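Nothing here was measured: the structure is a model prediction, and the numbers come from that model. Because only heavy atoms are used, hydrogens play no part in the values below, and waters and symmetry mates are left out as well, while side chains stay in. First the proteins, then the strands, lettered A, B, ... as listed; each starts at 1.
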Amino acid sequence: DAKTTQPPSMDCAEGRAANLPCNHSTISGNEYVYWYRQIHSQGPQYIIHGLKNNETNEMASLIITEDRKSSTLILPHATLRDTAVYYCIVRTNAGNMLTFGGGTRLMVKP
Amino acid sequence: DAGVTQSPTHLIKTRGQHVTLRCSPISGHKSVSWYQQVLGQGPQFIFQYYEKEERGRGNFPDRFSARQFPNYSSELNVNALLLGDSALYLCASSLAFFGSYSTDTQYFGPGTRLTVL
């Protein structure tokens, strides 16, 4: 599975959009981009995943660049409860595991 | 519907002891995977079980073993505990064998915090 690079930490003001970037420049055509988040001492929570089209659900939007070498997770109106570590993961459609990196620690501030 | 459940929540053991952790997947899910998360790091894959068979194993010693039962619940066993086994142990379930099709997703439980003294 391709490696991902994320900034170690980011801040966001409450009520504003949080845009979390992820670089996956070695991604292959059959690899999906997954996003999970982990609130302190809890299990990771699935957010969204996609292949090449932009995706949106009730939690977030996933924007994947046309060359698929990077993506951005967007939380449209961040709240204090969105403070967590966000993991960007690349997985092949036959991959039987999730390989977590260091993630981005997002701090939402009042 | 209940999510993935794990027991116990916390556990304290001493070096050399054995531990058994338990996981119940989301209803209807047939695959269970186990991950270890050491403090300050992301989770690391240990095993995947599907239809009671091991279908993948990470880079963990033979002291780690698991099994899956006919009701799809699972146990993780760790023998001869070391201090370095102190971690949050996470169970994740998926509808089918995770890797069989692209839209499948793993859903994680709250974890079991193991402390080895």
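- For a residue to count as touching a neighbouring chain, one of its non-hydrogen atoms must lie under 4.5 Å from one of that chain's; by this rule B:R55 touches chain A with the backbone only.
- Using a 4.5 Å cut-off between heavy atoms, B:Q48 touches chain A through its side chain atoms alone.
- Between the CG atom of A:L73 and the OH atom of A:Y86 there is a distance of 7.5 Å, given to the nearest 0.5 Å.
- A salt bridge is absent between A:R105 and A:D11: the closest approach of a Lys/Arg side-chain nitrogen to an acidic carboxylate oxygen does not fall below 4.0 angstrom.
- Applying the side-chain hydrogen bond (donor to acceptor under 3.5 Å, both in side chains) test to every pair with at least one member in residues 4-14 of chain B, sequence neighbours left out, gives these pairs: B:T14-B:Q17.
- Note on B:G109, B:P110, B:G111, B:P43: by heavy-atom pairs under 4.5 Å with chain A, the leading option is B:P43.
- Proximity to chain A is absent for every atom of B:Y50, based on heavy atoms less than 4.5 angstrom apart.
- Only the side chain of A:Q38 comes within less than 4.5 Å of a heavy atom of chain B; its backbone N, CA, C and O stay farther away.
- Of all heavy-atom pairs between B:A80 and B:D85, the closest is O-OD2, 4.4 Å.
- With no hydrogens or angles considered, a side-chain donor-acceptor pair links B:Q106 and B:Y35 at under 3.5 Å.
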